[in-house]
Visitor: 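To start, I am sharing the structure in question, which I have written as structure tokens.
Values below: every heavy atom of this structure, side chains too, minus hydrogens, waters and symmetry copies. Proteins get letters first, then strands, A, B, ... in listed order; numbering begins at 1 in each.
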4 protein chains.
Amino acid sequence: MSARRRDSASTAAARAERRAELLATAAEVFASRGYAVTTVREVAEAAGMLGGSLYYHFDSKESMVDEILSAFLTEMWAAYDRVLASGLGSRETFQALVAESFRMIDRHRPAVMIYQNESRYLSTSPRFSYLLDSQERFRQMWLELLDRGVLDGTFRVGLDTGVIYRFLRDTVWVAAGWYRSGGRLTADEIARQYLTMILDGILST
Amino acid sequence: MSARRRDSASTAAARAERRAELLATAAEVFASRGYAVTTVREVAEAAGMLGGSLYYHFDSKESMVDEILSAFLTEMWAAYDRVLASGLGSRETFQALVAESFRMIDRHRPAVMIYQNESRYLSTSPRFSYLLDSQERFRQMWLELLDRGVLDGTFRVGLDTGVIYRFLRDTVWVAAGWYRSGGRLTADEIARQYLTMILDGILST
Amino acid sequence: MSARRRDSASTAAARAERRAELLATAAEVFASRGYAVTTVREVAEAAGMLGGSLYYHFDSKESMVDEILSAFLTEMWAAYDRVLASGLGSRETFQALVAESFRMIDRHRPAVMIYQNESRYLSTSPRFSYLLDSQERFRQMWLELLDRGVLDGTFRVGLDTGVIYRFLRDTVWVAAGWYRSGGRLTADEIARQYLTMILDGILST
Amino acid sequence: MSARRRDSASTAAARAERRAELLATAAEVFASRGYAVTTVREVAEAAGMLGGSLYYHFDSKESMVDEILSAFLTEMWAAYDRVLASGLGSRETFQALVAESFRMIDRHRPAVMIYQNESRYLSTSPRFSYLLDSQERFRQMWLELLDRGVLDGTFRVGLDTGVIYRFLRDTVWVAAGWYRSGGRLTADEIARQYLTMILDGILST
DNA sequence: TATGAATGAGTTTTCATTCAT
DNA sequence: TATGAATGAAAACTCATTCAT
């Protein structure tokens, strides 16, 4: 490899790394203040630069959230698909999906918060139609799992799976709003608590 | 009662009614599109008037949400306080609070959504410090109830009450995002499903 | 006609009049400074208001030129079509088209200048594709007329009609750059001079 | 001549050549898109470099047009002065000036277009006052020639020389907008067509 | 010589708010 | 009570220019 090639490789890599840094900063700010009310200036300041400078790296404020969300969703579905492909029973699949979700929150808390809080607003634009697609796929995944679990005797009969699905959808993700990585509880521990609660209830037996 | 007094009384009443109508419309729009991204013009249009006309009725966009939220919170705490004052056991109190919450969603869905989605943003302003107060009071209410329930053997030992509290807080209110009054399920029926799930878990026994 | 209907009619008319005034002002400024380098603020100032106020009347800077140009082109083609439909001989048609053009300059000088100077830039946007359409139609009109005139013996044989067409196209319209309505020469007088020059040449005979 | 001197000489020459290349590129882009709306980045890209790199060669975007235009005007006036100094009759002078103009278009089409399209905008800055000077000199040159020609019986009496001057000024240069070097017609052939048209008119005789 | 990252002034646009009618 | 025109502050975005490497 010539020096030239190593150079161009390293600058391309440096550039990608800088982008990633900036996106992480942007995600943090969007998550904590809300996408719509966050100004580009605020993101830039958090990154230690002036407002206009961000436009050297990104086309628009919109393209920043876009990149944040699509990267997150890609990774999320890869994780879910791995679980779904592993042939587990309905209870174990359930547990694995919830655990995966908490791991996503652990690793991509800002992206999860943005996904949770801003989807409604963003998905009015065609550019973000993939958010609706993802939601629909999510819905089908859980409904199928719940139906299967009821049929095979894992889950309680008489529950409204539509209600339970909505319950799960919201419940798991809103935890991103308060979970802090490195806090008292690990993501796996929280997943365990949630699973106990959901699977067995909170009543003493 | 003189004609004059009846007139001014009916005018004052008509005025209050008009305000209430406009607030209901505003709440609907704020809830469905998000407070920050909703323009005053959109609210006005939904009410069949022009942007400037709203300022005859209200001081500002902010005072509209303010009125919406404080009216809602007042009613909500009145309901909660009634439950808390009735001397029920921890399980029954739990059930009653959850049921009350779903009734709030049923009757004040837009206000609940606004409370849920916009509190973080609004409470950065001193004017809305009461939102933080309400949250803190909510937190204490549930933590005390959970602690009491664990002590008297109603709730499972070994659960992290901090986690459970957050779980309950989020879980109940997010239902406002999908619940439709007059839909397939009544508020009480949904409360029953939620309670089964939370108290007994979803596993078949 | 009720008072209400007359009112709404008069306000609609007042509004249309205001728009027309503002468009005339904008056209003046765009014409004298160039569309691209004119700021919305400059247009607003020329109209005695602040920058943002223009957006009460117009969607965007672009929509202002759009309206200016399309109104002008509509009127221009109406005038040309009247000439073309009147069954004149080729020499008289030629004279009438040139005279019409100078009348357009007389009445819509700013619009003509914008059309002349900014078409190249504007027509890169799909919104202004009608500028290209108009140019193409203009080209066909003149080429047909020149060809007919050569065939019927009106025009000199041996001229390159492509060159003459371009010559006419540019020559007539650039006069908008210097012609001032109410100056020493009337539009008809200038048209006469141009026609003498073009038809008979400037050499003494 | 030492190696050192030859090196620095060839370096200086190479540098001048690079500048000339870059200016030619810049002129092309400015001409085709318009100076004001062309970004430095676009010029740089057309020259195969990045935006900032141009600033090694030039002080500013403005200094680029400045150099392009002043070089062009210098050459143009040298050519005109040669004609004017050669003691030709008014008709021959007329023909020679028009022919020279088309040769300028042939050899410096981008510069001519910039001169034609951007003078109004540029000449608002003191730096480009020479554009106004040139225009004034141009005007005097033609008016004197026309007056002389009318006096000596070459040109038709009764024409408004002010109108004819403007006509000539615009007519000749706008050809830069469509002329392509190496196309169907040579510059001299186009000059011949223009001259026939202007001198003898387009009517058959 | 050229790059790439950043600057900062300026531009278009949005929108809560005001106010005369 | 409501309208409609305007205000003005703030937002997203653009781009000529700088400068360390």
Visitor: Taking atom P of E:dG8 as reference, at what distance in whole Å does atom CG of A:L54 sit?
Guide: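 Whole-Å distance recorded here is 14 Å.
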Visitor: Closest-nucleotide mapping onto DNA chain E: is A:Y56 or D:L22 further toward the 5' terminus? I mean the 5' end.
Guide: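 Its nucleotide being nearer the 5' end, the pick is D:L22.
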Visitor: Between P on E:dT3 and CD on D:E45, what's the gap in Å once rounded to a whole number?
Guide: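 In whole Å, E:dT3 P and D:E45 CD are 11 Å from each other.
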Visitor: Just checking B:R41: does its CZ atom have more than 12 heavy atoms from other residues, nucleotides or ligands closer to it than 6.0 angstrom?
Guide: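 Atom CZ in B:R41 is not crowded, with 12 or fewer foreign heavy atoms closer than 6.0 Å.
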Visitor: B:L50 CG to E:dT21 P: how many Å, rounded?
Guide: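 The distance from CG of B:L50 to P of E:dT21 comes to 18 Å, rounded to the nearest Å.
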Visitor: Check the distance between E:dT14's P and B:E42's CD and give it to me in whole angstrom.
Guide: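 That distance rounds to 12 Å.
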Visitor: Given E:dA6, is OP1 or OP2 found less than 4.0 Å from the side-chain N or O atoms of A:H57?
Guide: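 So the side-chain polar atoms of A:H57 do come within 4.0 Å of the phosphate oxygens OP1 or OP2 of E:dA6, strictly under.
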Visitor: Please assess A:F58 against A:R19 for the test side chain to side chain contact (heavy atoms under 4.5 Å, CB included), listing each intermediate value before the final yes or no.
Guide: CA-CA 8 Å; A:F58 303 98; A:R19 273 180 81 87; 3.6 Å; yes
Visitor: The side chain of A:M49 lies closest to which of these nucleotides: E:dA5, E:dT3, E:dT7?
Guide: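 Between E:dA5, E:dT3, E:dT7, the one nearest the side chain of A:M49 would be E:dT7.
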Visitor: Should we say atom OH of D:Y121 is surrounded by more than 12 heavy atoms from elsewhere, each under 6.0 Å from it?
Guide: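 No, not enclosed.
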Visitor: Using a 3.5 Å distance criterion without hydrogens, assess whether the side chain of D:D66 forms a donor-acceptor pair with backbone atoms of D:E62.
Guide: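 Side chain of D:D66 to backbone of D:E62: no pair is present.
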Visitor: Between protein and nucleic acid, restricted to nucleotides 13-17 of chain F and to nitrogen or oxygen atoms under 3.5 Å apart, what atom pairs and distances do you find?
Guide:
residue: F:dC13; atom: OP2; partner: A:Y55; partner atom: OH; Å: 2.7
residue: F:dC13; atom: OP2; partner: A:K61; partner atom: N; Å: 2.9
residue: F:dC13; atom: O5'; partner: A:Y55; partner atom: OH; Å: 3.4
residue: F:dA16; atom: OP1; partner: D:T38; partner atom: O; Å: 3.4
residue: F:dA16; atom: OP1; partner: D:K61; partner atom: NZ; Å: 3.4
residue: F:dA16; atom: OP2; partner: D:V40; partner atom: N; Å: 2.6
residue: F:dT17; atom: OP2; partner: D:Y55; partner atom: OH; Å: 2.7
residue: F:dT17; atom: OP2; partner: D:K61; partner atom: N; Å: 2.8
residue: F:dT17; atom: O5'; partner: D:Y55; partner atom: OH; Å: 3.4

Visitor: Rounded off to whole Å, could you give me the CD-to-P distance for the D:E21 and E:dA2 pair?
Guide: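 From D:E21 CD to E:dA2 P: 10 Å.
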Visitor: Quick check: does any side chain N or O of A:T25 sit under 3.5 Å from a backbone N or O of A:E21, one acting as donor and the other as acceptor?
Guide: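 Between the backbone of A:E21 and the side chain of A:T25 there is a qualifying donor-acceptor contact (under 3.5 Å).
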Visitor: Between D:S134 (side chain) and D:Y130 (backbone), is there a donor-acceptor pair under 3.5 Å?
Guide: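 It does not hold such a pair.
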Visitor: Quick check on F:dA5: is either OP1 or OP2 less than 4.0 Å from any side-chain nitrogen or oxygen of C:R15?
Guide: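 For F:dA5, OP1 or OP2 has a side-chain N or O of C:R15 closer than 4.0 Å.
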Visitor: Starting from the C-alpha separation in whole Å, work towards a yes-or-no answer on side chain to side chain contact (heavy atoms under 4.5 Å, CB included) for D:V65 and D:K61.
Guide: CA-CA 7 Å; D:V65 232; D:K61 184 185 173 187; 5.5 Å; no
Visitor: Counting runs of three or more consecutive pairs, Watson-Crick or G-U wobble, with each distance below 3.5 Å, where are the stems of DNA chain F?
Guide: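 Expected stems, ordered by start: E:2-21 with F:2-21.
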Visitor: For C:L54 and C:M64, run side chain to side chain contact (heavy atoms under 4.5 Å, CB included): C-alpha distance rounded to whole Å, both residues' side-chain angles, the deciding distance at 0.1 Å, then the answer.
Guide: CA-CA 10 Å; C:L54 274 179; C:M64 290 187 230; 3.7 Å; yes
Visitor: Please test B:N117 against B:Y35 for side chain to side chain contact (heavy atoms under 4.5 Å, CB included), starting from the C-alpha separation and ending with a verdict.
Guide: CA-CA 9 Å; B:N117 297 324; B:Y35 171 73; over 6 Å; no
